[in-house]
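The chains referred to below are lettered A, B, ... by the order of the sequence lines, with proteins before strands, and numbering in each begins at 1.
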Protein chains: 2
Amino acid sequence: MANTILIVDDEPAICEMIGFALARAGYDYSETHNAEQAQAKIIAEPPVLILLDWMLPGLSGIDFARRLKREEATRGIPIIMLTARGEEADKIKGLETGADDYITKPFSPNELMARIRAVLRRTAPQATDDAIEIAHLHLDPVSHRVSSRGHAVEMGPTEFRLLHFFMTHAGRVYSRSQLLDLVWGRNVYIGERTVDVHIRRLRLALKKYGHDHLIETVRGSGYRFFAPAAQSRTG
Amino acid sequence: MANTILIVDDEPAICEMIGFALARAGYDYSETHNAEQAQAKIIAEPPVLILLDWMLPGLSGIDFARRLKREEATRGIPIIMLTARGEEADKIKGLETGADDYITKPFSPNELMARIRAVLRRTAPQATDDAIEIAHLHLDPVSHRVSSRGHAVEMGPTEFRLLHFFMTHAGRVYSRSQLLDLVWGRNVYIGERTVDVHIRRLRLALKKYGHDHLIETVRGSGYRFFAPAAQSRTG
DNA sequence: TAAAATTATTACAGTTATATTACAGGGCCG
DNA sequence: CGGCCCTGTAATATAACTGTAATAATTTTA
């Protein structure tokens, strides 16, 4: 599932500090201390977000970010730059080169978390820890629990991820192959019909409290989660 | 009670970072950003320990420490100096002037905690934690005891720490690797499966009075301490 | 209406994740 | 030193989940 955040900083103490804050906030994370290591980790297990030090030994953070944004495979991964003070002038340049946000050292854990959440919210809503509630169906990523008016709704891991994805992308149709990509992950070789089966399982789980109708079939296109009212969205 | 640790640093972000780590470790703390403020706070409510920035606007940290050590009333309060890198040469001088220890920025939370513990161990009695009770299961960090309706619940040290952690973070899922980080401590090379075994031991200990169900398995994600299902709060 | 296409349902067996048990080394205390 | 408790590991057992394929039901098309 790889819901990890990658820290790239050559200073181990900084890594540890950030890791500490991330762990506390419930994120998985991994550390690397240079661009090469980072590159390898990114390929091996794509993180949902990269915290990248501005100054790295060898390839600089800026160049590294630029490279990541050039590659098709890594382009989608949001980057938050960690800059030292007095590099204000370079900020805009950094953002131009692909960083999604930046933060100046020393930073407070709360500030860091706020920025991480902000970035994830607009790039990968299902990677945030925000609880969601639609039509009395409540999903809380932090406790990893689904409930309906106080009653726990039981389901398997895949169904949970599927539901989480749907609830963070309500009202939009996704084809089976898109769902495989976005919920199962890229690089999976699974028959599309399998999605049907998991939809079925999810519906069964939701049926207990009468929420199965929230998963809508769009014949010929895929599936869609019910959207309350008219949620017009641009983009 | 005044079991607080005073942070004196003109950089709010640093203060917040330290405070964050302190809070997580169960310490009370308060912040001040200059020597005058600090002086006032120390008089008003003597802390058990002072974390003092080397460089302060106005009166320097070194001078401030010296002054505190001259005063009868404040002499007994241990001081840990926060120094920036490259001030190695001054270290000894700092210690001579009264600091009990020093730590170089940037430092890891664990290192800071280790030093705080070390200093407190040889100066003040342990800072206290609050007792917790969930679903008739009672845990008291001070006496290091767990009980259920008056009956003592026996368990090993690791199980105690694990339970303590869970009870202070109820309702939230933690992966095995997070638990290793947060309960065992970072930098441990322990197989993840070991967590299962300690969970088992903890459950066995709790089973005697029927509390084993409080430790919930979340397949594919980790473990979670019981907490009532979330009610819908959005109207 | 029949055939074709698409989705729903069901059963199942391989796979993976967790629970349980046993054990050996380490540390502590008498 | 010897016994006891604690810890981490590994082996085994058990339980849960997953993907597939076969079949049924439904909708669309001709």
(message) Mind checking if B/F160 touches a base, just sugar-phosphate, or nothing, with heavy atoms under 4.0 Å?
(response) nothing

(request) Can you sort out the partners of A/Y223 under side-chain hydrogen bond (donor to acceptor under 3.5 Å, both in side chains), two or more places apart, ordered by chain and number? (result) A/R176

(request) Please state how far atom CG in B/L179 lies from atom P in C/dT18, giving the value in whole angstrom units. (result) 12 Å

(request) State plainly whether the residues A/K69 and A/D100 are in salt-bridge range, i.e. N to O under 4.0 Å. (result) yes

(message) Taking 4.0 Å as the cut-off, does a side-chain nitrogen or oxygen of B/R200 come that near to OP1 or OP2 on C/dT18?
(response) no

Only pairs under 3.5 Å count here: list side-chain donor-acceptor contacts from residues 153-160 of chain B, not counting sequence neighbours, and write none if there are none.
unit_1, atom_1, unit_2, atom_2, d
B/T158, OG1, B/R161, NH2, 3.3
B/E159, OE1, B/G156, N, 3.4
B/E159, OE2, B/H198, ND1, 2.5

(message) A/H164: which residues meet the side-chain hydrogen bond (donor to acceptor under 3.5 Å, both in side chains) condition with it, sequence neighbours left out?
(response) none

(message) Each nucleotide in nucleotides 6-18 of chain D should get exactly one letter: B, S or -. Can you fill that in based on protein heavy atoms under 4.0 Å?
(response) SBBBB----BBSB

(request) Indicate yes or no: does B/D140 engage B/R145 in a salt bridge with an N to O separation below 4.0 Å. (result) no

(message) Under the rule for side-chain contact (heavy atoms from CB on, under 4.5 Å), what residues qualify as partners of A/R70, not counting sequence neighbours?
(response) A/R66, A/R67

(request) Rounded to the nearest angstrom, tell me the gap between atom CD in B/E216 and atom P in C/dA19. (result) 12 Å

(message) With nearest nucleotide decided by heavy atoms, which residue, A/L204 or A/G220, maps closer to the 5′ end of DNA chain C?
(response) A/G220

(request) Quickly work out the B/L202 CG to C/dT20 C1' distance and round it to whole Å. (result) 15 Å

(request) List for me each residue that meets side-chain hydrogen bond (donor to acceptor under 3.5 Å, both in side chains) alongside B/Q178, sequence neighbours excluded, and say none if there are none. (result) none

(request) Could you tell me the separation between the CG atom of A/L162 and the P atom of D/dG19, rounded to a whole number of Å? (result) 11 Å

(message) Is the phosphate of C/dA17 approached by B/T217 (side-chain N or O, under 4.0 Å from OP1 or OP2)?
(response) no

(request) Find the distance A/R176:CZ to C/dT7:C1' and express it as a whole number of Å. (result) 7 Å

Would you list the protein and nucleotides 26-30 of chain C atom pairs, both N or O, that sit under 3.5 Å from each other?
none

(request) Mind checking side-chain hydrogen bond (donor to acceptor under 3.5 Å, both in side chains) for A/R193 and listing every partner two or more places apart, or none if nothing turns up? (result) A/D196

(request) Kindly write out the residues that satisfy ring-ring contact (aromatic ring centres under 6.0 Å, His included) with B/F165, not counting sequence neighbours, or none if the list is empty. (result) B/H169, B/Y174

